[in-house]
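Note that the coordinates shown come from a computational prediction; the quantities given were computed from them, not determined experimentally. Below, chains carry the letters A, B, ... as their sequence lines are ordered, and counting in each starts from 1.
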Protein chains: 2
Amino acid sequence: MVTIADIAKIAGVSKSTVSRYLNGGSISDATRKKIERVIDANSYSPNKFAQSLKAKKTNIIGTIVPRLDSYATSQTLIGIDEQLRELDCQLVISNSSQDLNREIENIYSLAKQKVAGIILLATEITDGHLEAFRQAQIPVILVGQQHDQLHSIIHKDYESGYELGKYVLQKGHRNIAYLGVTEKDIAVGIKRKEGFKKAVEGQPDTLVHYFETSFNIKGAMERVPEIIEEYQPSIIVCATDNIALGALKAAYMKGLRVPEDLSLTGFGGYDITEITYPGITTAKFYYKEAGRMAAKDITKLVNGEELGKISFTKYEIIERESVDNLL
Amino acid sequence: MVTIADIAKIAGVSKSTVSRYLNGGSISDATRKKIERVIDANSYSPNKFAQSLKAKKTNIIGTIVPRLDSYATSQTLIGIDEQLRELDCQLVISNSSQDLNREIENIYSLAKQKVAGIILLATEITDGHLEAFRQAQIPVILVGQQHDQLHSIIHKDYESGYELGKYVLQKGHRNIAYLGVTEKDIAVGIKRKEGFKKAVEGQPDTLVHYFETSFNIKGAMERVPEIIEEYQPSIIVCATDNIALGALKAAYMKGLRVPEDLSLTGFGGYDITEITYPGITTAKFYYKEAGRMAAKDITKLVNGEELGKISFTKYEIIERESVDNLL
DNA sequence: CTGAAAGCGCTTACAG
DNA sequence: CTGAAAGCGCTTACAG
């Protein structure tokens, strides 16, 4: 391995000068050229560990994800990865397998690794998180959830819920089931539902029942038959595309046609909602874009730049075939 | 930040002794207890950079993935992550976005970061890869592809192709389309097809046509209609579940019922194949298990243990509703 | 603009 | 079993 001392010797200068060259200190044109040549010729690259040890900082951004096998996670990570690459930062991904304690451990562990900043694909922010961030003393960007003490990138959960609600009413649905998730997840469990509620509130002759299920497909598959039997809604508005996928399967298994016998909507805009039959009408979020924004923002924070507490990504209602027009 | 010198001073011993405690050198019981207490009380943890700088090695395993948004990648990563965590190794994920050159760059970049070993979720191994591995001088495990110069974990592509072929014949299909992928991908493009070929070879009155498409759903959606129109196969055997998903959508869009008008099979065993309607019959691979094996094997290699060149994961034909029984 | 020196937080022979 | 010393490959005041 060639070191800075080797380069210095070959170039006939001191290590300090080479270091200055590397870090953009002032240097004469002649020596600059000389050093450049020697570095190229020996394909030298500085030892990151020595740099970090001395400079006490890194250009590593840690990203904590709740799970690896989700469309939202994958897309967000792709966005972060792309943007960080452009920014010449390194990405370290830390998986917490949907375990909040592990998530908090991951914060400490990233801090110990001296990452320059942390991006957290958040689900729920507890006091444990806050305490970890406080101790870590590292810039943080939340993606997907909002918190007044932290910077965040969030999706327009409320607005998309509202617009989707209006859409459903406009299609003539008056007996509606809303299949949501735990309110511990503020964005998904509360905001989407609140937006939807606002849209249907005051609509005459309209029945809306609210239910809760888990985030996975199987959970929805089990939940939906009861809902149908008990309330016979004309539509089930699902808080995520995964839930909608489960509902679709459940409907098929009950021999119901979608959308003739039962309409369905989702949130997320996962690629797969275009491939099912029928395609699922959904509120599409731009996860990759959110990832890019998070990456840009975290580097701003790392560089001490000012930043608004909150940024929004756009959304779009994608109309496909899973909602029947009752009018 | 508390350092080894602090601990030494508080405990009233030398840094060497603390270091020995940390690295399992011989030490008296009394000092061991003393140091332990002091370390706990000050929640000290060694600076990784200093350790790596001195010891010239890390416990980081680099994993290179071709893409982040694929079921196989996610599951394999989950397996690697779980296992590496048990083994107290750190995981760094490097995404090459399906770009072979970037993949090779990633090898060099991981080598520069002094990772202890590399796991490559491989698609195609070029001379560029080999050269990079040679220069890096780091243990490598391939997942999903085989190469005689490298260690690998591979799925039973040939065997599963064979068994699926036999299954299809047993269901009475005699006019078959096989929709494969590029032969550059030896495992997916060649092995699966060869296994299938072997199974149908010599079967009387049987027509098999072979086609090629890309790995994504859209590609298959475009390709399938032509195939149906020109050859009217009773079944399309797809080289991946994604292709099967595309074929299913294409069939629906042509107004064909699956499996009555057209049967379908896939490879992979993605969760989503259970959710579609009908569920897709597929050769399921155990990606998570492969990931765990890769993690175990790479640490063996890192520790200088002997290892066979190749390990296989199991597979299973999952019979669902997408194949009609013609007999 | 340039160099000598100190030091970042560890580990590892070498003595004792 | 324990400690003093050297050194890993950098960076950063401090002089000149």
Exercise. Does the side chain of B/N95 come under 3.5 Å of the side chain of A/E82 through a donor N or O and an acceptor N or O?
Worked result: no

Numerically ordered, the residues 1-15 of chain B set in heavy-atom contact under 4.0 Å with DNA chain D is B/V13, B/S14

- Task: Using modelled atom types only, decide if a donor and an acceptor are shared between the side chain of B/T299 and the backbone of B/K296 within a distance under 3.5 Å.
- Result: yes

* Stepwise salt bridge (charged side-chain N to carboxylate O under 4.0 Å, His left out) check, A/R85 with B/E105 -> CA-CA 13 Å; A/R85 192 182 294 264; B/E105 281 168 26; 5.2 Å; no

Rounded to whole Å, CD1 of B/I35 lies from C1' of D/dG3 at a distance of 12 Å

* **Atom NZ of A/K309: over 12 foreign heavy atoms under 6.0 Å** => yes

Where DNA chain C forms runs of at least three Watson-Crick or G-U pairs (i with j, i+1 with j-1, under 3.5 Å), the stems are C:1-3 with D:14-16, C:5-12 with D:5-12, C:14-16 with D:1-3

Among the nucleotides C/dT2, D/dC1, C/dT12, whichever has the atom closest to the side chain of B/S26 is D/dC1

Polar side chain donor-acceptor pair, A/S19 to A/S16, under 3.5 angstrom: no

- Task: Using only heavy-atom distances, determine whether the side chains of A/D69 and B/Y71 contain a donor-acceptor pair under 3.5 Å.
- Result: no

request  = Indicate whether any N or O donor in one side chain lies under 3.5 Å from an N or O acceptor in the other, for B/Q98 and B/E103.
outcome  = no

Side-chain contact check for B/S16: nearest option of C/dT11, D/dG9, D/dA4 is D/dA4

Which of A/D157, A/D185, A/T123 passes side-chain hydrogen bond (donor to acceptor under 3.5 Å, both in side chains) with A/Q145? Answer is A/D185

Using a cut-off of less than 4.0 Å, is there contact between a side-chain N or O of B/N47 and OP1 or OP2 of C/dC10?
no

Students often get this wrong, so: under 4.0 angstrom with heavy atoms, is A/S52 touching a base, only sugar-phosphate, or nothing?
nothing

Sorted by position of nearest nucleotide on DNA chain D, 5' first, the leading residue of B/R32 and A/F49 is B/R32

Ranking D/dC10, C/dC1, D/dG7 by distance to the side chain of A/T31, first place goes to C/dC1

Can you check nucleotides 14-16 of chain D for protein contacts, nitrogen or oxygen pairs under 3.5 Å, and list what you find?
none

From CG of A/L22 across to P of D/dG9 the rounded distance in Å is 15 Å

Donor-acceptor contact present, side-chain A/S96 to main-chain A/V65, <3.5 Å
yes

B/A50 has its side chain closest, among D/dC10, C/dT11, C/dG9, to C/dG9

When we call it a touch if two heavy atoms are under 4.0 Å apart, what does A/L53 touch: a base, just sugar-phosphate, or nothing?
-> base

> What orientation do A/F285 and A/Y287 show, parallel under 30°, tilted 30 to 60°, or perpendicular over 60°?
Replying inline: perpendicular

Side-chain contact check for A/K56: nearest option of C/dC8, D/dT2, D/dC1 is C/dC8

Within the 6.0 Å centroid threshold, strictly below: A/H155 and A/Y286: no

What nucleic acid atoms does B/S28 come within less than 4.0 Å of, heavy atoms only: base, sugar-phosphate, or nothing?
-> sugar-phosphate

Exercise. Do NZ/NE/NH1/NH2 and the carboxylate oxygens of B/E131 and B/R134 come within less than 4.0 Å?
Worked result: yes

From NZ of A/K112 across to P of C/dC10 the rounded distance in Å is 12 Å

| said: Need one value for B/Y44: base, sugar-phosphate or nothing, where a base atom within 4.0 Å counts as base even if backbone is also close, heavy atoms only. | reply: sugar-phosphate

note: B/K33, atom NZ; D/dT2, atom P; distance rounded to Å ~ 13 Å

Checking D/dT2, C/dT11, C/dG3 against the side chain of B/Q51 (C-beta onward), the nearest is C/dT11

